[in-house]
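Quick one: the structure is below, and I'll ask about it shortly.
Numbers here are sequence positions counted from 1. Here the structure is a predicted model, which is why all the values come from computation and not from measurement.
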Amino acid sequence: MDAIEAILSRRSIRKYYKKPVSKEIVRELLESAMSAPSAGDEQPWHFIVIDKAEILSEIPSFHNHAQMLKDASLGILVCGDLKLEKHKGMWVQDCAAATENILIAVQAKGLGAVWLGVYPREERMKGLRKLLNIPEHVVPFSLISIGYPAEKKPRADRYNEARIHYNRW
């Protein structure tokens with residue numbers, strides 16, 4: 001699948017078949033994440049791959065939109081390391097770019113995923129920090145639920161000419 005098709009056909013998938021994702025594919029997803037642009041090439045990210053069902057099943061107790069993790073093959077938590085910041089506050093954009101790269105790579109590999117927001121929700125950050133033993137200088141940013149899709153969603157046409165401005169508003 002080419003990049004444009006992966007971007008345009010990507011949808012949030014919340015239902016999965018119980019089937020493990022290979023370590024090779026997980027590595028490709030992480031390599032895609034780490035290929036994202038970052039301010040000053042600071043690359044302030046860390047990734048926690050969660051493939052133990054018992055850990056995934058605990059997350060919905062403090063993240064009320066994460067029920068699908070109970071059936072997911074894995075989750076990838078994208079974190080920002082404040083000690084790696086060169087440009088204050090830009091870690092948020094950097095981690096968002098890494099998250100989106102994972103979502104596009106997931107689509108290209110025939111998997112399904114959904115972006116679960118974590119930052120800046122204190123209860124979600126605190127819950128993940130405690131569950132996964134994350135140090136204080138590392139901020140849990142986003143959690144991506146990943147698996148083999150047990151649902152199909154049609155491509156959404158979100159192109160909106162009214163939101164486009166050339167040269168001025």
Side-chain angles (χ1 to χ4, degrees), residues 1-14 21-51 55-56 59 62-63 65-66 68-69 72-147 156 158-160 163-167 169:
M1 177 180 302
D2 82 344
I4 299 297
E5 180 58 26
I7 291 167
L8 296 178
S9 65
R10 190 215 59 79
R11 297 296 306 276
S12 293
I13 300 298
R14 294 174 176 85
V21 175
S22 74
K23 289 188 184 303
E24 293 78 22
I25 290 176
V26 172
R27 186 184 191 294
E28 287 180 294
L29 300 178
L30 295 169
E31 188 175 10
S32 297
M34 293 180 202
S35 294
S38 64
D41 198 27
E42 66 187 7
Q43 302 174 38
W45 42 60
H46 288 272
F47 304 90
I48 300 176
V49 177
I50 309 163
D51 59 4
I55 296 173
L56 291 169
I59 297 170
F62 54 83
H63 191 313
H65 297 289
M68 77 291 298
L69 287 171
S73 301
L74 68 124
I76 297 177
L77 181 65
V78 180
C79 300
D81 187 336
L82 301 180
K83 288 185 177 179
L84 297 176
E85 269 189 309
K86 291 180 190 174
H87 303 285
K88 188 154 181 63
M90 299 304 284
W91 71 269
V92 175
Q93 293 180 49
D94 300 342
C95 288
T99 301
E100 183 65 14
N101 275 13
I102 292 171
L103 293 172
I104 295 166
V106 161
Q107 181 68 17
K109 289 305 216 175
L111 297 167
V114 63
W115 178 333
L116 299 167
V118 176
Y119 176 86
R121 303 278 198 245
E122 284 296 329
E123 70 281 359
R124 296 173 186 178
M125 294 186 304
K126 182 180 176 185
L128 285 163
R129 188 172 266 123
K130 182 179 178 186
L131 179 64
L132 304 174
N133 198 31
I134 300 170
E136 282 300 313
H137 67 278
V138 175
V139 182
F141 175 75
S142 66
L143 179 57
I144 305 157
S145 176
I146 301 170
R158 295 179 175 153
Y159 184 79
N160 183 348
R163 301 278 178 101
I164 302 168
H165 312 275
Y166 290 95
N167 302 314
W169 188 263

Fill in: Distance in Å, E5 CD paired with R10 CZ, rounded so as to fall on 0.5 Å steps
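It comes to 13.0 Å.
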Worksheet item: Residues in side-chain hydrogen bond (donor to acceptor under 3.5 Å, both in side chains) with E123, at least two apart?
Response: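 E123 satisfies side-chain hydrogen bond (donor to acceptor under 3.5 Å, both in side chains) with no other residue.
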Fill in: Counterpart residues, side-chain hydrogen bond (donor to acceptor under 3.5 Å, both in side chains), relative to E100 (two or more places apart)
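With sequence neighbours excluded, E100 shows a side-chain hydrogen bond (donor to acceptor under 3.5 Å, both in side chains) to no residue whatsoever.
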Fill in: Smallest separation among heavy atoms of V21 and S73, with atom names
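Closest approach of V21 to S73: CG2-CB, 3.7 Å.
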Discussion item. Counting C-beta onward and ignoring hydrogens, is there a side-chain heavy-atom pair between Q43 and L84 closer than 4.5 Å?
Written reply: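 With C-beta onward as the side chain, the pair stays apart.
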Discussion item. Looking at every non-hydrogen atom in both residues, tell me the closest pair between H63 and G117 and how far apart they are.
Written reply: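 So the minimum-distance heavy-atom pair works out to NE2-O, 2.7 Å.
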Fill in: salt bridge (Lys or Arg N to Asp or Glu O under 4.0 Å) pairs, two or more places apart, involving residues 102-118
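Pairs touching residues 102-118 that pass the test: E28-K109.
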Worksheet item: Do H65 and R124 have side-chain heavy atoms sitting under 4.5 Å apart?
Response: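 The answer is yes; the side chains approach within 4.5 Å.
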Worksheet item: If you measure from CG on L30 to OG on S35, what distance do you get to the nearest 0.5 Å?
Response: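 Output value for this atom pair is 10.5 Å.
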Discussion item. I need the minimum non-hydrogen distance between A72 and L56, along with the two atoms involved.
Written reply: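 Smallest heavy-atom distance, with atoms named: O-CD1, 3.8 Å.
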Worksheet item: Quick one: side-chain hydrogen bond (donor to acceptor under 3.5 Å, both in side chains) partners of N160, sequence neighbours excluded?
Response: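 With neighbours one apart ignored, the set is empty.
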Item to complete: Taking the side chain as every heavy atom from C-beta outward, state whether D51 and V26 have any pair of such atoms under 4.5 Å apart.
Response: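 In short, these two side chains do not touch, never coming nearer than 4.5 Å.
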Discussion item. A side-chain contact here means heavy atoms from C-beta on lying under 4.5 Å apart; do M34 and F47 qualify?
Written reply: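 M34 reaches F47 side chain to side chain.
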Discussion item. Applying side chain to side chain contact (heavy atoms under 4.5 Å, CB included), can you list everything that pairs with A156, at least two apart in sequence or on another chain?
Written reply: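 Partners of A156 by the side chain to side chain contact (heavy atoms under 4.5 Å, CB included) criterion, ordered by chain and then number, come out as R11, R158.
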Worksheet entry | L77 and its side chain to side chain contact (heavy atoms under 4.5 Å, CB included) partner, picked from V49, I134, I144, L116 |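 Exactly one option meets the side chain to side chain contact (heavy atoms under 4.5 Å, CB included) with L77, and it is I134.
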Discussion item. I need the S38 OG to H87 NE2 distance, nearest 0.5 Å.
Written reply: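 The NE2 atom of H87 is 8.5 Å from OG of S38, to the nearest 0.5 Å.
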Practice prompt. Go through L143 and I50 one step at a time and tell me if the side chain to side chain contact (heavy atoms under 4.5 Å, CB included) criterion holds.
Written response: CA-CA 10 Å; L143 179 57; I50 309 163; 4.2 Å; yes
Discussion item. Could you check whether any side-chain heavy atom of I48 comes within less than 4.5 Å of a side-chain heavy atom of L128, counting everything from C-beta outward?
Written reply: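 Counting from C-beta outward, I48 and L128 never come under 4.5 Å.
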Discussion item. Just to verify, what does S142 make a side chain to side chain contact (heavy atoms under 4.5 Å, CB included) with, not counting sequence neighbours?
Written reply: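 Side chain to side chain contact (heavy atoms under 4.5 Å, CB included) check on S142 returns V78, T99, W115.
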Discussion item. Which residues pass the salt bridge (charged side-chain N to carboxylate O under 4.0 Å, His left out) test with R121, not counting sequence neighbours?
Written reply: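 For R121, no residue satisfies salt bridge (charged side-chain N to carboxylate O under 4.0 Å, His left out) once neighbours in sequence are set aside.
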Discussion item. Looking at every non-hydrogen atom in both residues, tell me the closest pair between Q107 and S9 and how far apart they are.
Written reply: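 Heavy atoms only, the tightest pair is NE2-OG, 3.0 Å.
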Worksheet entry | side-chain hydrogen bond (donor to acceptor under 3.5 Å, both in side chains) partners for Y159, two or more places apart |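 Here the qualifying residues are E161.
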Worksheet item: Less than 4.5 Å apart, any side-chain heavy atom of K23 and any of R27?
Response: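 No, too far: nothing below the 4.5 Å cut-off.
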Practice prompt. Please list all pairs passing the salt bridge (Lys or Arg N to Asp or Glu O under 4.0 Å) test where one or both residues lie in residues 74-94, with sequence neighbours left out.
Written response: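 Not a single pair qualifies under salt bridge (Lys or Arg N to Asp or Glu O under 4.0 Å).
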Item to complete: Give a yes or no on this: more than 12 heavy atoms of other residues, nucleotides or ligands lie within 6.0 Å of atom CD1 of I4.
Response: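 Atom CD1 in I4 is not crowded, with 12 or fewer foreign heavy atoms closer than 6.0 Å.
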Item to complete: Report the distance from atom CD1 of I104 to atom CD1 of I7, rounding to the nearest 0.5 Å.
Response: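 Going from CD1 on I104 over to CD1 on I7, the span is 4.0 Å.
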Worksheet item: Taking only residues two or more places apart in sequence, or in another chain, which ones meet R129 in a salt bridge (charged side-chain N to carboxylate O under 4.0 Å, His left out)?
Response: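 If we apply the salt bridge (charged side-chain N to carboxylate O under 4.0 Å, His left out) test to R129, skipping adjacent residues, the hits are E136.
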Worksheet item: Can you name the residues that form a salt bridge (charged side-chain N to carboxylate O under 4.0 Å, His left out) with E42, not counting sequence neighbours?
Response: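 Partners of E42 by the salt bridge (charged side-chain N to carboxylate O under 4.0 Å, His left out) criterion come out as none, since no residue qualifies.
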Discussion item. If you compare all heavy atoms of S32 against all heavy atoms of A105, which two are closest, and at what distance to 0.1 Å?
Written reply: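 Smallest heavy-atom distance, with atoms named: OG-CB, 3.5 Å.
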Fill in: Shortest non-hydrogen separation from P120 to M125 and the atoms involved
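That would be O-CE, 3.8 Å.
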Discussion item. Checking A36 now: which residues fulfil side chain to side chain contact (heavy atoms under 4.5 Å, CB included) with it, not counting sequence neighbours?
Written reply: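 Counting only residues at least two positions away or on another chain, A36 forms a side chain to side chain contact (heavy atoms under 4.5 Å, CB included) with W45, A97, A98, N101.
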Worksheet item: Any side-chain heavy-atom pair from V106 and I13 closer than 4.5 angstrom?
Response: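 Result no, sub-4.5 Å side-chain heavy-atom pair not found.
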